[in-house]
Amino acid sequence: MTKGYSTSWGQLPISLNQLCLATVLRCGQSFRWKLSGPDEWSCGFPDRIISLRQNPTHLHYRATYPSPPSPSSKDDTEDIVRDYFNLSVDLASLYEKWSTADPNFKKKAGEFRGVRMLRQDPWECLIGFICSSNNNISRIGQMVDKLCMTYGKPLGSLTHTSTNPPLASSTPSTINSPTPTQVEYYSFPSIESLTAPDVEETLRKLGFGYRAKYIYNTACMVHNDRPKGFLNTLRDEKNYKEAHEALLEFSGVGPKVADCVCLMSLDKMGAVPVDTHVWQIATRDYKFGKGKHRSLTKAVYDAVGDHFRELWGDTAGWAHSVLFTADLRTFADRLENTKTTTVKTKVKVEVKEEEDEEDSEIKKEEIEEEVVKKVESKRVRKRGADGQVKSETTIVKVEERTERRTRRRRG
DNA sequence: TCGGCACCTGATCA
DNA sequence: ATGATCAGGTGCC
C-alpha cells in the first residue's frame, strides 16, 4: 500500500474554463507531475506529495506526508494549491479580453480553455528550464526526475493504478485492480545540494550532457554569490526587466529561459518566452520571419515579445501560453501510433530580383520552392474506465507548407 | 549587432 | 542499417 500518511480529499469549486488540469500539468510548465491514476496527478512538494483530481465543478486535492502530521497542526495544502495555480486570477475574463483584441487568439483558443500559468518555486523553475535547452519535453521530464531521485528528499510512495478508487472511500475496491505499482516521490533538490563537488560529474553520467555544468555553476552562483532568498526577492522587489536581467547572469540562462522563469515563477505576466514553437507561431500567424527579422536574433526576440505585449497587454505571457499549448502536438492522452510521412514536390525553380532592400550587396537570389506535404496518421484508441479499448479510429492530418531554398549571387 | 558553430543525448526519419 | 535532423537554447567567436 501507500507508504505515507494521506489526508482526506478536500475540494475547491472551479470550472474547466478556469483550469484544465490535464492540459496545464502537461503543457511544459512543470516537468514533474505524474499520472498516479487515470485521472489523478501527483507531484512532490518540499514536505509532502500533493495529489489532484478534477471534475467539471471542482478541483480535488490531498496531501500525503512521509510521517504522521501532529494532530494539532492545521493542514495548509489548500493554500499551497491556491497559490500554485494562481487561483486568484480570473482566467475567463482574460480570455475574453485577449479574444477581443486578437481574432487569431479567438479562433485558436476555443479548443483550449483553462490554460493558466502556474506559480512555481523560482529555484525549481530555473533549474528545470536550464534543462530544457535544445531538448524535448519528454527528456526534460526524465532529467528532472533523475535530479530529484539523486539529490531530492524522499517523501514516500504512492500506489499508481490505472483505475481510481472512489473519492468518497465507501467500498474497498477488490475488482478492477490491474497491476498497481509503487512509485517513490521526492522533493526538488535544495540549492545547496546541487553545489556538492560531484554534481557536474554525476549529472553527466545521468545523461544531462552539457547542462550538467550549467546546473552546477548556477547552483554555486545562487548559493555563494547571492543573498539568501535572492530568487524569491525577484518576485516582489524587482520588475520584469530587472528580474530578467538578473537571471541572465546565471550559467545556461539566456533570454528564453529567463522569460520562462519570470513568467512561470516570478509573477511577471507580460514575459513572453520565444522558443522555436512561439517563433513558428509568430512567423505563421503574425507576419514575422520576413525582411528585417528573418531569423530569431536578440533584437527580433525582443520585437516578438513587444508585439505580443502590444496586442494582448500586460498579461501577454499568459495569452502566449494558450497559443503555445494549442500548437503542441503532445496531447497524446489517447493518441497512439503516430505515423508521419513527408512528400516533397518540387514546384518551381526561378530566379527573382532581390526585393529586400536591407542588403543592397545582393542583387539576385535564386529561389527554389518545394511544397512539402506532411501526412500524419494517428491511431486513436478510446479506452473506457476499465482500460479496455472501446473504439479505434484513424485520424489523418495533412500539413502543407512551402519550403524555400535560396542561393545568393552577387550581381 | 549579427551570423555561425559547438555542445550532450535520444528519438525519429530518409 | 546508418547518417541527418530535431528537440521549448546558450555561450563564444
Side-chain angles (χ1 to χ4, degrees), chain A residues 26-31 115 117-118 120 125-147 200-218 221 244 247-264 271-283 291-305 317 320-332 336-344 356 358-359 361-362 370 372-378 399 403 406 408:
Chain A
R26 293 185 308 155
C27 67
Q29 295 188 55
S30 166
F31 306 102
V115 180
M117 239 47 223
L118 299 176
Q120 303 181 64
C125 194
L126 176 61
I127 297 302
F129 281 97
I130 287 176
C131 291
S132 77
S133 81
N134 216 345
N135 207 346
N136 59 65
I137 293 181
S138 145
R139 186 156 79 106
I140 300 163
Q142 294 172 37
M143 285 164 61
V144 173
D145 274 348
K146 287 178 187 170
L147 196 64
E200 184 181 343
E201 191 194 336
T202 301
L203 294 184
R204 269 195 182 266
K205 283 181 187 155
L206 289 173
F208 280 63
Y210 56 82
R211 302 166 196 89
K213 187 194 285 278
Y214 293 161
I215 291 169
Y216 172 70
N217 285 346
T218 295
M221 290 172 78
H244 182 96
L247 291 166
L248 287 180
E249 307 255 319
F250 295 119
S251 172
V253 178
K256 189 269 175 180
V257 170
D259 276 336
C260 284
V261 177
C262 281
L263 177 63
M264 303 175 191
V272 180
V274 183
D275 55 32
T276 59
H277 283 280
V278 176
W279 178 237
Q280 277 178 32
I281 292 168
T283 56
K292 187 99 181 120
H293 20 66
R294 202 173 281 278
S295 63
L296 189 53
T297 63
K298 173 73 175 120
V300 178
Y301 183 101
D302 292 339
V304 172
H320 121 284
S321 173
V322 178
L323 294 194
F324 174 88
T325 302
D327 245 47
L328 265 189
R329 282 267 159 274
T330 330
F331 282 82
E336 301 173 14
N337 290 342
T338 303
K339 275 188 184 171
T340 308
T341 48
T342 307
V343 184
K344 292 190 179 185
D356 203 334
E358 307 298 331
D359 34 16
E361 285 287 300
I362 294 150
E370 286 183 341
V372 179
K373 274 192 186 176
K374 198 169 146 193
V375 183
E376 204 172 270
S377 57
K378 287 175 180 169
E399 249 178 33
E403 260 183 17
T406 60
R408 302 201 161 177

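Keep in mind that what you see is a predicted model, and the values were worked out from it rather than measured. Residue numbers begin at 1 in each chain, while the letters A, B, ... track the order of the sequences. Heavy atoms only: backbone and side chains are in, while hydrogens, waters and symmetry mates are out.
Base contact: A/M264 has a heavy atom under 4.0 Å from a base atom. Across all strands, A/V257 comes closer than 4.0 Å only to sugar-phosphate atoms, never to a base (heavy-atom distances). Contacts of A/Q29 with the nucleic acid, taken as non-hydrogen atoms under 4.0 Å apart, include base atoms. Contacts of A/F250 with the nucleic acid, taken as non-hydrogen atoms under 4.0 Å apart, involve only primed sugar atoms and P, OP1 or OP2. Across all strands shown, A/R204 has heavy atoms under 4.0 Å from sugar-phosphate atoms exclusively, and none from any base. Among the atoms of the strands shown, none is found under 4.0 Å from any heavy atom of A/S138. Residue contacts shown for A/G28 include a base, since a base heavy atom lies under 4.0 Å away. Residue-level contact check: A/A212 touches neither bases nor backbone, having no heavy atom under 4.0 Å from any strand.
Every stem involving DNA chain B, taken as at least 3 paired positions in a row under the Watson-Crick or G-U wobble test at 3.5 Å, is listed here: B:3-7 with C:9-13, B:9-14 with C:2-7.
Put simply, the side chain of A/T218 never gets that close to the backbone of A/I215: no donor and acceptor are under 3.5 Å apart. For A/Q120 (side chain) and A/Q29 (main-chain N/O), a donor-acceptor pair under 3.5 Å exists by modelled atom type. In terms of modelled atom types and a separation under 3.5 Å, the side chain of A/Y301 and the main chain of A/V274 share a donor-acceptor contact.
A donor-acceptor contact under 3.5 Å links the side chain of A/Y210 to the base of C/dG9. Interface remark: the A/R139 side chain does form a donor-acceptor pair with the B/dC8 base, using a distance-only criterion of under 3.5 Å.
Between A/Y214 and A/Y210, the ring-plane angle classifies as perpendicular under the 30° and 60° cut-offs.
In the displayed structure, A/E201 atom CD is contacted under 6.0 Å by at most 12 heavy atoms of other residues, nucleotides or ligands.
Look at A/T297 and you'll find a side-chain N or O under 4.0 angstrom from OP1 or OP2 of B/dC2. Contact annotation: A/S132 side-chain N/O to C/dG9 OP1/OP2 distance is not under 4.0 Å.
The A/F129 side chain lies nearest to C/dG8 when the options are C/dG8, B/dC2, B/dC7. Ranking C/dG11, B/dC2, C/dG8 by closeness to the A/A299 side chain, first place goes to B/dC2.
Atoms CD1 (A/I215) and P (B/dC8) sit 13 Å apart, rounded to a whole Å. Summarising the geometry, the separation between CD on A/E200 and P on B/dC7 is reported as 15 Å, rounded to the nearest angstrom. Atom CD1 of A/I137 and atom P of C/dC6 are 18 Å apart (whole Å). Look at CG on A/L296: it is 15 Å from P on B/dT1, rounded to the nearest Å. Atom NZ in A/K213 sits roughly 14 Å away from atom C1' in C/dC12 (whole-Å rounding). Atom CZ of A/R211 is separated from atom P of C/dG11 by 13 Å (rounded to the nearest Å). Distance, A/I140 CD1 to C/dG9 C1': 11 Å, rounded to whole Å. Taking atom CG of A/N134 as the reference point, atom P of C/dC6 lies 11 Å away to the nearest angstrom.
For the P atom pair drawn from B/dC8 and C/dT2, the interatomic distance equals 25 Å after rounding to whole Å. Using atom P as the reference point in both B/dT9 and C/dA1, the two lie 23 Å apart (nearest Å). Distance noted for atom P between B/dT1 and C/dG9: 22 Å (whole Å). Spacing between C/dA7 and B/dC2 at atom C1', rounded to whole Å, works out to 24 Å. B/dC7 and C/dG8 have their P atoms separated by 22 Å, with the value rounded to a whole Å.
From A/L206, atom CG reaches atom CZ of A/R211 across 13.5 Å, with rounding to the nearest 0.5 Å. To the nearest 0.5 angstrom, A/N135 atom CG is 4.5 Å from A/I140 atom CD1.
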Inset, instruction - Please report the C-alpha distance between A/L247 and A/C262 in whole Å, then the side-chain angles of each, then the deciding distance to 0.1 Å, and finally whether the side chain to side chain contact (heavy atoms under 4.5 Å, CB included) criterion is met. - result: CA-CA 9 Å; A/L247 291 166; A/C262 281; 3.9 Å; yes
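Checking A/V253 against A/K256, the closest nucleotide of DNA chain C that is more toward the 5' end is the one next to A/K256.
Less than 6.0 angstrom separates the ring centroid of A/F129 from the ring centroid of A/F31.
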